[in-house]
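Keep in mind it's a predicted model, so treat the numbers as computed, not measured. Atoms within a ligand are numbered from 1 in the order they appear, just like the ligands themselves. For this chain, numbers begin at 1 and follow the sequence in order.
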Amino acid sequence: MITAGIIGANGYTGIELVRLLQRHPHVKLLHTGSRSLAGKPYAGEIGSLRSRTELEFRNASLEETAAECDVVFLALPHGIASAQVTTDILKRSCINDLGADYRLKSRRVYEQWYGVEHGSPQLLEQAVYGLPEIVGRRALSDKNLIANPGCYTTASILSTAPIAQAGIGSVPYIIDAKSGVSGAGRQASQGLMFGEVNESIKAYKVKAHRHTPEIEQMLGQLAGSEVGVQFTPHLVPMNRGILTTTYIRPTEEIAGQLTEEKLRGLYEDMYEGDTFIRLLPDGVFPETRWVHGSNYVDIGLSYDQRTGIIIVVAALDNLVKGAAGQAIQNMNIRFGFEETVGLGDIPLFP
Ligand SMILES: NC(=O)c1ccc[n+]([C@@H]2O[C@H](COP(=O)([O-])OP(=O)(O)OC[C@H]3O[C@@H](n4cnc5c(N)ncnc54)[C@H](OP(=O)(O)O)[C@@H]3O)[C@@H](O)[C@H]2O)c1
């Protein structure tokens with residue numbers, strides 16, 4: 001049994017962490033942190049947890065929380081973790097960050113895309129990128145600083161990694177991504193109000209979304225050369241879910257010989273034994289409703305010989321495999337538990 005704390009436990013990803021950790025057989029959740037709700041009963045504020053937890057919100061520092069917890073989840077806006085995590089804290093506790101502060105290996109790239117100074121660039125080297133299907137379980141097994149990927153990035157990377165690794169795609173990859181509104185967090189904002197979002201779809205942060213360098217970093221590592229992506233996110237009127245559709249033109253060398261069967265073979269080889277990746281049968285493409293509330297990523301593939309374009313579609317739940325579920329998957333690996341423990345939920349339908 002290990003002890004856990006969450007800082008930012010009243011945000012969307014924090015609430016999802018509580019939901020999943022409350023019934024994790026190897027975790028005792030000790031701390032649910034919030035500044036604005038300190039002193040209030042957790043279940044009094046978050047009705048879905050009624051009768052499932054006696055915890056209260058507390059406004060304890062990261063240092064205090066790490067002193068009593070084996071693992072601390074940081075479910076905070078970017079910029080806060082890097083200002084607070086220290087080498088001393090990492091000696092005591094495993095920091096499992098859901099934000100962006102330790103995902104990018106380059107301080108310069110982080111500061112350029114996030115527009116804030118990185119508070120602890122000396123720790124970037126020891127952070128492990130928490131995408132186990134790509135970095136491998138061994139990379140996570142002894143790390144005390146885990147940088148969980150973004151939600152869009154998880155879908156984008158997992159759905160194109162076999163192509164990047166095999167070096168068969170021309171760049172840039174064109175990624176058309178769609179997200180439900182919970183992807184933007186729980187803080188109030190005019191652009192996220194019901195009347196603004198309902199019955200409308202829009203592209204946003206065109207050419208400028210912060211997940212772009214993260215996707216490029218990981219695909220570039222797999223390819224061994226730069227992989228540029230043209231990433232365009234869209235906001236759609238649903239609570240949860242990410243759907244990415246990626247278009248890739250095969251390189252000239254492979255184009256004449258590529259078949260859907262060969263393409264599928266690359267995915268089967270790369271994801272063999274990865275419980276949370278579901279490669280869909282020929283002609284079947286992912287839908288967000290089939291992954292709702294689960295840690296699954298569904299992937300569908302096609303190669304259009306008429307246009308010479310590979311099309312890969314992926315769906316996941318942004319709060320589960322895109323955030324809290326993935327963070328728990330990483331914790332399981334780090335602490336030597338079975339990777340899937342606590343994450344066995346079948347998606348909720350409808
Ligand atoms: N939403 C998603 O689908 C998703 C997916 C993957 C990753 N992420 C990342 O996960 C992190 C959390 O996202 P979220 O959607 O859960 O955000 P959120 O709903 O906006 O919640 C943010 C939390 O941080 C706390 N907080 C805000 N400012 C703070 C500060 N200055 N110091 C300490 N605590 C502060 C808030 O509580 P108090 O104000 O009460 O302290 C709240 O609990 C973000 O970095 C986000 O990019 C989100």
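- When the heavy-atom distances from atom 27 (C) of ligand 1 to E45, E16, R240, R35 are ranked, the shortest goes to R35.
- Within a 4.0 Å radius of atom 46 (C) of ligand 1, the protein has no heavy atom.
- In the candidate list L98, I7, V181, L98 is nearest to atom 9 (C) of ligand 1, counting heavy atoms.
- Side-chain N/O atoms of Y129 and Q221 include no donor and acceptor closer than 3.5 Å.
- The shortest N/O to N/O separation between L319 and ligand 1 does not fall below 3.5 Å.
- Residues R92 and E68 are not paired through a salt bridge, judged by the lack of any N-O separation under 4.0 Å between the basic side chain and the carboxylate.
- Within 4.0 Å of atom 40 (O) of ligand 1, at least one protein heavy atom is present.
- Checking N148 against N330 by side-chain atom types alone, a donor-acceptor pair falls below 3.5 Å.
- Remark: side-chain polar atoms of H292 are not paired, donor with acceptor, to backbone N or O of L348 under 3.5 angstrom.
- Contacts of I80 with ligand 1, taken as heavy-atom pairs under 4.0 Å, involve the side chain alone.
- A donor-acceptor pair is defined here as one N or O able to donate and one able to accept, closer than 3.5 Å; such a pair exists between the side chain of E111 and the backbone of H118.
- Salt-bridge formation is detected for the pair R19/E16: a Lys NZ or Arg NE/NH1/NH2 atom is positioned less than 4.0 Å from an Asp or Glu carboxylate oxygen.
- At least one N/O-N/O distance between L76 and ligand 1 falls below 3.5 Å.
- Summary of contacts: the protein heavy atom closest to atom 6 (C) of ligand 1 is G322 O, 3.1 Å.
- In this model, a donor atom of one side chain and an acceptor atom of the other lie less than 3.5 Å apart for N295 and Q329.
- Taking any N or O of R103, backbone or side chain, none lies under 3.5 Å from an N or O belonging to ligand 1.
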